[in-house]
Amino acid sequence: MLDIKVIREQPDFVRERLAARGVEDAVPIAEVLSLDEQRRKYLTEVEQLKAQRNRLSKEIGVLMGQKKTAEADAKKIATREFGTRIAGLDKSVAEIETSLQQNLLRLPNLPHTSVVVGKSAADNPVVRVHGDPPVFTFKPKPHVELCESLKLIDFVRGAKLSGSGFLLYTNWGARLERGLIQFLIDLHTIEHGYTEVSPPYLVSRDCMTGVGQFPKFEDQAYAVQEGGDGSTLGRLYLVPTAEAPVANIHREEILGENQLPIYYCAYSPCFRAEAGAAGVGTRGMIRVHQFDKVELIKIVKPETSYDELEKMVANAERVLQLLGLHYRVIQLCTGDMGFASAMTYDIEVWSPGQGSYLEVSSCSNCEDFQARRMNLRFKAGTGENKFPHILNGSGTALARLFVALVETYQQTDGSITIPEKLQPYLKTDRILA
RNA sequence: GGAGAGAUGGCUGAGUGGCCUAAAGCGCAGGUUUGCUAAACCUGUGAAGGAGUAAUCCUUCCGAGGGUUCGAAUCCCUCUCUCUCCGCCA
């Protein structure tokens with residue numbers, strides 16, 4: 001959520017930054033400013049009335065104490081009408097505030113001023129490239145073919161169970177997936193200093209709103225109804241990422257400055273309905289409704305957040321380096337960034353079978369955008385309460401990492417070799433055809 | 001699912017209609033004392049919002065939402081959550 005004071009004091013700056021995202025038409029800045037002005041007007045009025053009423057009530061209390069009941073009763077009648085006027089104004093203020101809040105929750109974060117202004121993924125600058133694409137003496141097969149021939153994934157039966165976009169990992173495929181999860185968590189906790197957490201996979205509406213998923217992207221979440229009485233009470237949402245629960249761990253808390261920075265690492269399955277996406281590039285494992293991911297979350301002091309972002313990207317890159325995979329890092333331009341982010345790096349791993357890069361990690365600095373939404377603060381040394389910056393990054397997404405591994409390490413005979421670092425987790429150095 | 005207890009500031013915890021402007025303690029900040037540390041003592045210390053150039057003033061907030069009242073942390077109703085015991089259960 002944006003700071004209403006910033007919108008009020010620098011509306012043109014806010015308009016310019018939002019326009020850089022390419023959402024200027026949808027941005028009700030004028031509406032927000034008008035509501036904000038109305039709110040303050042009514043608030044001033046009703047507060048003056050309340051001050052008067054409080055004064056009179058106090059006088060009545062004194063009269064009652066002196067047993068001057070006749071005078072007290074007269075004053076009561078005079079004071080009574082304040083109640084109705086106050087109630088009316090209170091109602092107006094509440095309505096305006098609700099409306100203002102709804103508008104604010106729909107405004108995306110402002111891109112950092114250093115981020116390249118662009119319209120789409122085509123404008124994303126490449127930050128660095130690691131290694132070279134592997135060279136094959138034969139035509140590398142796409143992952144779908146390899147997974148079928150090695151019986152790593154049963155695509156047909158996965159779809160039979162839950163529809164397209166759901167995977168049934170089998171035998172060595174299931175073990176590879178599990179081994180990767182273990183490998184990633186060990187790496188980030190033991191070597192990178194993150195604290196492991198294992199969150200709920202169903203979260204409240206507040207959590208989804210806190211990270212910026214709701215209200216804008218509500219149609220992309222799977223909702224689960226407790227009881228089934230149709231009310232939104234007791235409704236929970238399958239996590240689209242572990243970010244949803246983990247970033248909210250300290251929601252509505254005031255942290256001590258010495259508690260920061262906080263580093264969390266969490267595995268979770270991720271559920272994405274992506275309404276309307278069915279049928280578009282859905283073959284195989286590239287785009288699915290359920291995938292595994294190991295997520296990194298940082299809660300940090302504002303002045304350190306961009307250094308922390310660089311470190312987080314390096315932590316995610318380490319995964320691909322240890323697995324010997326070719327990848328590149330890009331920075332998302334203003335038009336391609338997520339709703340909550342001020343700056344995002346994507347890491348894309350090379351897929352020999354597709355002949356293209358696949359996004360396996362997205363690391364974002366959301367600055368105080370999410371902290372405001374969840375009212376998470378910390379007490380700064382100066383004594384004032386400030387919003388910390390929250391970062392999230394994939395470390396990394398699994399299905400696409402799986403694709404890159406299988407395609408990169410395929411052999412002439414159709415088998416797959418296992419990178420050295422993964423061998424202890426799989427208890428083998430090769431998956432045979 | 002049944003029964004009971006509870007939810008008050010960063011934390012613990014008092015407060016059952018009117019100086020509650022929320023006691024007290026802990027914690028935290030500053031100060032005094034001090035060779036250093038520690039300790040002791042003193043002072044200060046909730047949040048959000050609004051008006052004002054400013055000093056300052058005002059409003060709201062005691063789990064959430066309604067209600068009663070001139071006035072609610074306090075009384076009434078509804079809901080949520082937590083704890084204890086019982087039942088069921090992986």
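The shown structure was predicted, so the numbers you read here are calculated from the model rather than taken from an experiment. Letters go in sequence order (proteins before strands), and every chain restarts at 1.
- Listed by chain and number, the residues in a side chain to side chain donor-acceptor pair (under 3.5 Å) with D307(A) amount to none (sequence neighbours excluded).
- Here the C1' atom of nucleotide G27(B) and the CD atom of E257(A) are 16 Å apart, to the nearest Å.
- Separating the P atom of G46(B) from that of A22(B) is a span of 9 Å, rounded to the nearest Å.
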Indicate for each nucleotide in nucleotides 62-72 of chain B, in 5' to 3' sequence, whether protein heavy atoms under 4.0 Å reach the base (B), only the sugar-phosphate (S), or nothing (-). --------BS-
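- To the nearest whole angstrom, the two P atoms, one in G87(B) and one in A72(B), are 46 Å apart.
- Rounded to a whole Å, the CD1 atom of I86(A) is 13 Å from the C1' atom of C58(B).
- With sequence neighbours left out, T241(A) forms a side chain to side chain donor-acceptor pair (under 3.5 Å) with K293(A).
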Got a list of side-chain donor-acceptor pairs under 3.5 Å for residues 416-426 of chain A, not counting sequence neighbours?
unit_1, atom_1, unit_2, atom_2, d
T417(A), OG1, Q411(A), NE2, 3.3
Q423(A), NE2, I418(A), O, 2.8
Y425(A), OH, D186(A), OD2, 2.6

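- Among residues two or more places apart in sequence or in another chain, the ring pair (Phe, Tyr, Trp, His ring centres under 6.0 Å) test is passed with F378(A) by none.
- Contact annotation: the side chain of C270(A) never approaches that of D292(A) to less than 4.5 Å [non-hydrogen atoms, C-beta and beyond].
- Taking CG from L105(A) and CG from L107(A), the interatomic distance works out to 9.0 Å, rounded to the nearest 0.5 Å.
- The list of side chain to side chain donor-acceptor pair (under 3.5 Å) pairs with a residue in residues 75-85 of chain A, not counting sequence neighbours, reads E59(A)-K75(A).
- Comparing G63(B) with G13(B), their P atoms sit 14 Å apart, to the nearest whole Å.
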According to the Watson-Crick and G-U wobble definition with distances under 3.5 Å, which dot-bracket string, read 5' to 3', encodes RNA chain B, using [ ] for crossing pairs and | for pairs with another strand? ((((((((.[[[..)..(.....]]]((((((.......))))))((((((....)))))).[[[[[..)....]]]]])))))))....
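- With sequence neighbours left out, the ring pair (Phe, Tyr, Trp, His ring centres under 6.0 Å) criterion links Y201(A) to no other residue.
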Base-contact (B) and sugar-phosphate-only (S) positions in nucleotides 45-50 of chain B, heavy-atom cut-off under 4.0 Å, - elsewhere: --SSBS
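- The line from CD1 of I4(A) to CZ of R40(A) is 8.0 Å long, rounded to the nearest 0.5 Å.
- The ring pair (Phe, Tyr, Trp, His ring centres under 6.0 Å) search around Y222(A) returns none, not counting sequence neighbours.
- When the nearest nucleotides of RNA chain B are assigned to V46(A) and V62(A) by heavy-atom distance, the more 5′-ward of the two goes with V62(A).
- Straight-line distance between the C1' atoms of G67(B) and G17(B): roughly 16 Å, to the nearest whole Å.
- Applying the side chain to side chain donor-acceptor pair (under 3.5 Å) rule to N385(A) yields the partners K379(A); only residues at least two apart in sequence or on another chain are considered.
- Remark: P of G10(B) and CD of E252(A) are 13 Å apart, rounded to the nearest angstrom.
- C19(B) and A29(B) have their C1' atoms separated by 29 Å, with the value rounded to a whole Å.
- The gap from the P atom of A64(B) to that of U80(B) amounts to 15 Å, rounded to the nearest Å.
- Among residues two or more places apart in sequence or in another chain, the side chain to side chain donor-acceptor pair (under 3.5 Å) test is passed with E97(A) by R39(A).
- Distance CD (Q259(A)) to C1' (C11(B)): 12 Å, rounded to an integer number of Å.
- Taking atom P on both nucleotides, U74(B) is separated from G65(B) by 13 Å, rounded to a whole Å.
- Separation of the P atoms belonging to U68(B) and G15(B) is 29 Å when rounded to the nearest angstrom.
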